[in-house]
Amino acid sequence: MPERLDRILAGNRVEEVGRRGKFLFLRWRRGSLLIHLGMSGSLRVVPDRAPPERHDHLDLLLPRRLRLRFRDPRRFGLVRLAGPKPLAEPPLADLGPEPLAEGFDGVVLRRAFRGRRAPVKVLLLDGRVVAGIGNIYACEALHRAGVRPDRPAGSLAERRCVRLAGAIREVLARAIEAGGTTLRDFRTAGGEAGWFRRELSVYGREGEPCPSCGRRVRNDRLAGRSTFWCSRCQT
DNA sequence: ACACGCCCCTGTTAGC
DNA sequence: TGCTAACAGGGGCGTG
(Lines give C-alpha, C1' and ligand atoms only; values in the text may rest on other atoms or scores of the structure.)
Protein backbone atom coordinates (compact mmCIF):
# COMPACT_ATOMS: atom_id res chain seq x y z
CA MET A 1 0.00 0.00 0.00
CA PRO A 2 1.35 3.46 -0.84
CA GLU A 3 2.79 5.13 2.23
CA ARG A 4 0.35 8.01 2.43
CA LEU A 5 -2.62 5.70 2.07
CA ASP A 6 -1.18 3.35 4.66
CA ARG A 7 -0.61 6.18 7.14
CA ILE A 8 -4.22 7.27 6.84
CA LEU A 9 -6.08 4.00 6.64
CA ALA A 10 -4.16 1.13 8.12
CA GLY A 11 -5.55 0.05 11.46
CA ASN A 12 -7.48 3.26 11.84
CA ARG A 13 -11.15 3.69 12.36
CA VAL A 14 -13.44 5.32 9.82
CA GLU A 15 -14.73 8.40 11.59
CA GLU A 16 -17.39 9.35 9.11
CA VAL A 17 -19.20 8.07 6.08
CA GLY A 18 -20.67 10.93 4.11
CA ARG A 19 -22.11 12.16 0.88
CA ARG A 20 -22.09 15.41 -1.04
CA GLY A 21 -23.91 15.49 -4.35
CA LYS A 22 -23.11 12.17 -5.93
CA PHE A 23 -19.75 11.90 -4.24
CA LEU A 24 -19.32 9.59 -1.30
CA PHE A 25 -16.54 9.97 1.19
CA LEU A 26 -14.96 7.94 3.96
CA ARG A 27 -13.14 10.05 6.50
CA TRP A 28 -10.36 8.99 8.83
CA ARG A 29 -8.59 11.25 11.31
CA ARG A 30 -5.75 12.03 8.94
CA GLY A 31 -7.42 11.96 5.55
CA SER A 32 -10.26 10.66 3.49
CA LEU A 33 -11.23 8.83 0.37
CA LEU A 34 -13.58 10.35 -2.18
CA ILE A 35 -15.61 7.82 -4.08
CA HIS A 36 -17.81 8.42 -7.08
CA LEU A 37 -19.73 5.56 -8.69
CA GLY A 38 -19.97 7.23 -12.07
CA MET A 39 -22.53 5.54 -14.25
CA SER A 40 -21.83 1.91 -13.51
CA GLY A 41 -19.93 1.72 -10.22
CA SER A 42 -20.90 -0.15 -7.08
CA LEU A 43 -19.70 -0.67 -3.53
CA ARG A 44 -20.49 -3.93 -1.83
CA VAL A 45 -19.41 -5.63 1.36
CA VAL A 46 -18.10 -9.08 0.51
CA PRO A 47 -16.33 -11.85 2.44
CA ASP A 48 -12.53 -12.01 2.25
CA ARG A 49 -12.78 -15.28 0.37
CA ALA A 50 -14.86 -13.85 -2.48
CA PRO A 51 -12.44 -13.67 -5.41
CA PRO A 52 -12.32 -10.41 -7.32
CA GLU A 53 -14.13 -10.52 -10.61
CA ARG A 54 -13.80 -8.58 -13.81
CA HIS A 55 -14.05 -4.82 -13.18
CA ASP A 56 -13.38 -5.08 -9.47
CA HIS A 57 -10.76 -2.40 -8.89
CA LEU A 58 -10.28 -1.96 -5.16
CA ASP A 59 -10.87 -3.73 -1.85
CA LEU A 60 -10.78 -2.00 1.50
CA LEU A 61 -10.06 -4.58 4.17
CA LEU A 62 -12.59 -4.37 6.97
CA PRO A 63 -12.71 -6.13 10.33
CA ARG A 64 -14.39 -9.53 10.61
CA ARG A 65 -12.96 -10.87 7.35
CA LEU A 66 -14.99 -8.55 5.20
CA ARG A 67 -14.08 -6.24 2.40
CA LEU A 68 -15.61 -3.15 0.91
CA ARG A 69 -15.28 -3.82 -2.79
CA PHE A 70 -15.36 -1.17 -5.48
CA ARG A 71 -16.44 -2.31 -8.91
CA ASP A 72 -16.73 -0.04 -11.91
CA PRO A 73 -17.07 -1.60 -15.37
CA ARG A 74 -17.22 1.61 -17.30
CA ARG A 75 -14.55 3.34 -15.20
CA PHE A 76 -16.35 6.62 -15.10
CA GLY A 77 -16.11 6.42 -11.34
CA LEU A 78 -13.41 7.67 -9.05
CA VAL A 79 -11.56 6.83 -5.87
CA ARG A 80 -9.24 9.58 -4.74
CA LEU A 81 -7.29 10.43 -1.63
CA ALA A 82 -8.26 13.70 0.03
CA GLY A 83 -7.48 15.56 3.22
CA PRO A 84 -9.10 15.29 6.64
CA LYS A 85 -11.76 17.82 5.69
CA PRO A 86 -13.03 16.58 2.32
CA LEU A 87 -15.93 19.01 2.25
CA ALA A 88 -13.52 21.92 2.38
CA GLU A 89 -11.55 21.11 -0.76
CA PRO A 90 -12.42 20.56 -4.41
CA PRO A 91 -14.27 18.94 -5.91
CA LEU A 92 -16.70 18.86 -2.99
CA ALA A 93 -16.09 22.44 -1.99
CA ASP A 94 -17.08 23.59 -5.47
CA LEU A 95 -20.51 21.99 -5.33
CA GLY A 96 -23.68 24.03 -5.12
CA PRO A 97 -26.40 23.55 -2.51
CA GLU A 98 -27.87 20.20 -1.63
CA PRO A 99 -31.36 20.23 -3.12
CA LEU A 100 -32.87 18.33 -0.20
CA ALA A 101 -31.22 20.47 2.46
CA GLU A 102 -33.17 23.09 4.32
CA GLY A 103 -32.91 26.42 2.58
CA PHE A 104 -32.86 25.18 -0.99
CA ASP A 105 -35.70 26.98 -2.71
CA GLY A 106 -36.72 29.03 -5.69
CA VAL A 107 -34.96 32.11 -4.46
CA VAL A 108 -31.65 30.24 -4.31
CA LEU A 109 -32.27 28.84 -7.77
CA ARG A 110 -33.24 32.22 -9.18
CA ARG A 111 -30.06 33.75 -7.87
CA ALA A 112 -27.97 30.96 -9.42
CA PHE A 113 -29.76 31.37 -12.76
CA ARG A 114 -29.59 35.15 -12.93
CA GLY A 115 -27.74 36.38 -15.98
CA ARG A 116 -27.15 32.88 -17.31
CA ARG A 117 -28.15 32.18 -20.89
CA ALA A 118 -27.37 28.46 -20.85
CA PRO A 119 -30.38 26.13 -21.06
CA VAL A 120 -31.89 25.55 -17.65
CA LYS A 121 -31.36 21.81 -17.90
CA VAL A 122 -27.65 22.27 -18.48
CA LEU A 123 -27.44 24.25 -15.25
CA LEU A 124 -29.45 21.66 -13.32
CA LEU A 125 -26.85 19.10 -14.38
CA ASP A 126 -23.99 21.37 -13.33
CA GLY A 127 -22.99 20.39 -9.81
CA ARG A 128 -21.71 23.89 -9.10
CA VAL A 129 -25.27 25.19 -9.43
CA VAL A 130 -27.11 22.40 -7.58
CA ALA A 131 -25.45 19.25 -6.30
CA GLY A 132 -26.35 15.76 -7.35
CA ILE A 133 -29.07 16.12 -9.98
CA GLY A 134 -28.55 13.69 -12.83
CA ASN A 135 -30.10 13.41 -16.24
CA ILE A 136 -33.13 11.39 -15.16
CA TYR A 137 -34.22 13.66 -12.35
CA ALA A 138 -33.43 16.83 -14.30
CA CYS A 139 -35.83 15.69 -17.00
CA GLU A 140 -38.47 14.67 -14.48
CA ALA A 141 -38.24 17.84 -12.41
CA LEU A 142 -38.51 20.08 -15.48
CA HIS A 143 -41.57 18.20 -16.62
CA ARG A 144 -43.19 18.37 -13.22
CA ALA A 145 -42.49 22.09 -13.08
CA GLY A 146 -43.69 22.72 -16.63
CA VAL A 147 -40.40 24.24 -17.75
CA ARG A 148 -38.85 23.76 -21.17
CA PRO A 149 -35.40 22.17 -20.84
CA ASP A 150 -33.83 24.53 -23.37
CA ARG A 151 -35.16 27.72 -21.87
CA PRO A 152 -32.35 30.12 -20.99
CA ALA A 153 -32.00 29.77 -17.23
CA GLY A 154 -31.89 33.48 -16.61
CA SER A 155 -35.27 33.95 -18.30
CA LEU A 156 -37.16 32.10 -15.59
CA ALA A 157 -39.22 34.35 -13.36
CA GLU A 158 -39.01 33.79 -9.66
CA ARG A 159 -42.33 32.02 -9.38
CA ARG A 160 -41.22 29.49 -11.96
CA CYS A 161 -37.98 28.98 -10.07
CA VAL A 162 -40.02 28.37 -6.95
CA ARG A 163 -42.01 25.77 -8.79
CA LEU A 164 -38.87 24.17 -10.21
CA ALA A 165 -37.13 24.01 -6.85
CA GLY A 166 -40.22 22.35 -5.39
CA ALA A 167 -40.35 19.88 -8.27
CA ILE A 168 -36.69 18.97 -7.80
CA ARG A 169 -37.23 18.27 -4.12
CA GLU A 170 -40.38 16.24 -4.74
CA VAL A 171 -38.87 14.15 -7.49
CA LEU A 172 -35.71 13.39 -5.53
CA ALA A 173 -37.55 12.64 -2.31
CA ARG A 174 -40.00 10.35 -4.05
CA ALA A 175 -37.24 8.57 -5.98
CA ILE A 176 -35.30 7.95 -2.78
CA GLU A 177 -38.43 6.51 -1.17
CA ALA A 178 -38.80 4.17 -4.13
CA GLY A 179 -35.19 3.05 -3.86
CA GLY A 180 -33.94 4.94 -6.91
CA THR A 181 -34.28 4.30 -10.61
CA THR A 182 -33.02 1.02 -12.01
CA LEU A 183 -32.66 1.28 -15.77
CA ARG A 184 -30.16 -1.54 -15.96
CA ASP A 185 -27.28 -1.77 -13.49
CA PHE A 186 -28.34 0.33 -10.58
CA ARG A 187 -29.08 -1.48 -7.34
CA THR A 188 -29.97 -0.27 -3.89
CA ALA A 189 -27.55 -0.86 -1.04
CA GLY A 190 -29.51 -4.03 -0.36
CA GLY A 191 -28.90 -5.25 -3.91
CA GLU A 192 -32.46 -4.79 -5.10
CA ALA A 193 -33.80 -2.88 -8.06
CA GLY A 194 -35.08 0.64 -7.47
CA TRP A 195 -38.72 1.10 -8.37
CA PHE A 196 -38.86 4.73 -9.36
CA ARG A 197 -38.64 3.81 -13.01
CA ARG A 198 -42.33 2.97 -12.88
CA GLU A 199 -43.07 6.51 -11.79
CA LEU A 200 -41.04 8.31 -14.42
CA SER A 201 -43.25 10.69 -16.37
CA VAL A 202 -41.03 11.38 -19.35
CA TYR A 203 -37.56 9.88 -18.99
CA GLY A 204 -37.18 6.91 -21.32
CA ARG A 205 -40.70 7.38 -22.64
CA GLU A 206 -40.06 8.86 -26.06
CA GLY A 207 -43.18 8.57 -28.21
CA GLU A 208 -45.45 7.65 -25.32
CA PRO A 209 -48.24 10.01 -24.32
CA CYS A 210 -47.41 12.64 -21.75
CA PRO A 211 -49.16 11.60 -18.54
CA SER A 212 -50.43 15.15 -18.08
CA CYS A 213 -51.71 16.09 -21.53
CA GLY A 214 -51.33 13.11 -23.85
CA ARG A 215 -48.99 14.72 -26.35
CA ARG A 216 -46.15 12.46 -27.46
CA VAL A 217 -43.04 12.73 -25.31
CA ARG A 218 -40.05 14.02 -27.25
CA ASN A 219 -36.42 13.12 -26.89
CA ASP A 220 -34.04 15.83 -28.05
CA ARG A 221 -30.34 16.02 -27.51
CA LEU A 222 -29.30 18.87 -25.27
CA ALA A 223 -25.69 19.39 -24.30
CA GLY A 224 -24.99 15.89 -25.51
CA ARG A 225 -27.55 14.28 -23.22
CA SER A 226 -30.92 12.70 -23.98
CA THR A 227 -33.63 15.11 -22.96
CA PHE A 228 -37.16 13.82 -22.59
CA TRP A 229 -39.91 16.42 -22.41
CA CYS A 230 -43.42 17.40 -23.40
CA SER A 231 -43.71 20.30 -25.81
CA ARG A 232 -47.20 21.15 -24.60
CA CYS A 233 -46.77 21.02 -20.84
CA GLN A 234 -43.32 22.51 -20.73
CA THR A 235 -42.94 26.14 -21.69
C1' DA B 1 -17.16 34.16 -15.96
C1' DC B 2 -19.49 31.68 -19.13
C1' DA B 3 -20.92 28.56 -23.08
C1' DC B 4 -19.89 24.68 -25.53
C1' DG B 5 -17.99 20.43 -27.19
C1' DC B 6 -15.39 16.56 -26.43
C1' DC B 7 -13.27 13.09 -23.72
C1' DC B 8 -12.77 9.13 -20.59
C1' DC B 9 -14.49 3.39 -20.99
C1' DT B 10 -17.14 -0.86 -21.43
C1' DG B 11 -21.40 -3.24 -22.20
C1' DT B 12 -25.80 -3.71 -24.33
C1' DT B 13 -28.96 -3.24 -27.84
C1' DA B 14 -30.96 -1.60 -32.22
C1' DG B 15 -30.51 -2.00 -36.88
C1' DC B 16 -28.89 -3.82 -41.03
C1' DT C 1 -27.34 -15.26 -37.11
C1' DG C 2 -23.72 -11.99 -36.88
C1' DC C 3 -21.63 -7.77 -37.38
C1' DT C 4 -21.42 -2.62 -36.56
C1' DA C 5 -22.89 1.64 -34.81
C1' DA C 6 -25.15 4.15 -31.58
C1' DC C 7 -26.09 4.95 -27.08
C1' DA C 8 -26.07 4.85 -21.80
C1' DG C 9 -27.40 6.97 -15.51
C1' DG C 10 -21.45 11.62 -14.95
C1' DG C 11 -18.10 14.90 -14.57
C1' DG C 12 -13.71 17.17 -15.98
C1' DC C 13 -11.20 19.84 -19.04
C1' DG C 14 -9.79 22.64 -22.99
C1' DT C 15 -11.12 26.26 -26.10
C1' DG C 16 -13.03 30.55 -27.60
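Numbered from 1 within each chain, the chains take letters A, B, ... in sequence-line order.
In the set dG11(C), dG12(C), dT10(B), the nucleotide with an atom closest to the side chain of H36(A) is dG11(C). Looking at the side chain of R74(A), the nearest of the listed nucleotides dC9(B), dG9(C), dG12(C) is dC9(B). Comparing atom distances between the R221(A) side chain and each of dC7(C), dG9(C), dG12(C) picks out dC7(C) as nearest.
Nucleotide dT10(B) holds its P atom 18 Å from the CD atom of E53(A), rounded to whole Å. The separation between R225(A) atom CZ and dA6(C) atom P is 19 Å, rounded to whole Å. D72(A) has its CG atom 10 Å from the C1' atom of dT10(B), to the nearest Å. For F196(A) and dG9(C), the CZ to P distance is 16 Å, given to the nearest whole Å.
Of the P atoms belonging to dT12(B) and dG11(C), the separation is 23 Å, rounded to the nearest Å. dC9(B) and dG14(C) have their P atoms separated by 16 Å, given to the nearest Å. Taking atom P on both nucleotides, dC7(C) is separated from dG5(B) by 16 Å, rounded to a whole Å.
Side-chain atoms of R75(A) stay outside donor-acceptor range of the base of dC9(B), with no qualifying N/O pair under 3.5 Å.
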List, with names and distances, any nitrogen or oxygen atoms from the protein found under 3.5 Å away from nitrogen or oxygen atoms belonging to nucleotides 3-5 of chain B.
residue	atom	partner	partner atom	Å
dA3(B)	OP1	R117(A)	N	2.5
dA3(B)	OP1	A118(A)	N	3.1
dA3(B)	OP2	R116(A)	NE	2.7
dA3(B)	OP2	R116(A)	NH2	2.8

Give each protein N/O atom lying under 3.5 Å from an N/O atom of nucleotides 11-14 of chain B, with the pair distance.
residue	atom	partner	partner atom	Å
dG11(B)	OP1	R54(A)	NE	3.0
dG11(B)	OP1	R54(A)	NH2	3.2
dG11(B)	OP1	H55(A)	NE2	2.4
dG11(B)	OP2	R54(A)	NH2	3.2

Handout entry: Pairing pattern in dot-bracket form [Watson-Crick, G-U; both distances under 3.5 Å; | = partner strand] for DNA chain C
Key = .|||||||.|||||||
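At the heavy-atom level, S40(A) lies nowhere under 4.0 Å from the strands shown. Residue contacts for Y137(A): at a heavy-atom cut-off of 4.0 Å it reaches no nucleic acid atom on any strand shown.
Under 4.0 Å is where a charged nitrogen must lie from a carboxylate oxygen, and between R67(A) and D48(A) at least one such pair does.
Cation-pi geometry between R74(A) and F76(A) is met: under 6.0 angstrom from the ring centre, within 45 degrees of the axis.
Of the listed residues (K85(A), R29(A), R27(A)), just one forms a salt bridge (charged side-chain N to carboxylate O under 4.0 Å, His left out) with E16(A), and that residue is R27(A).
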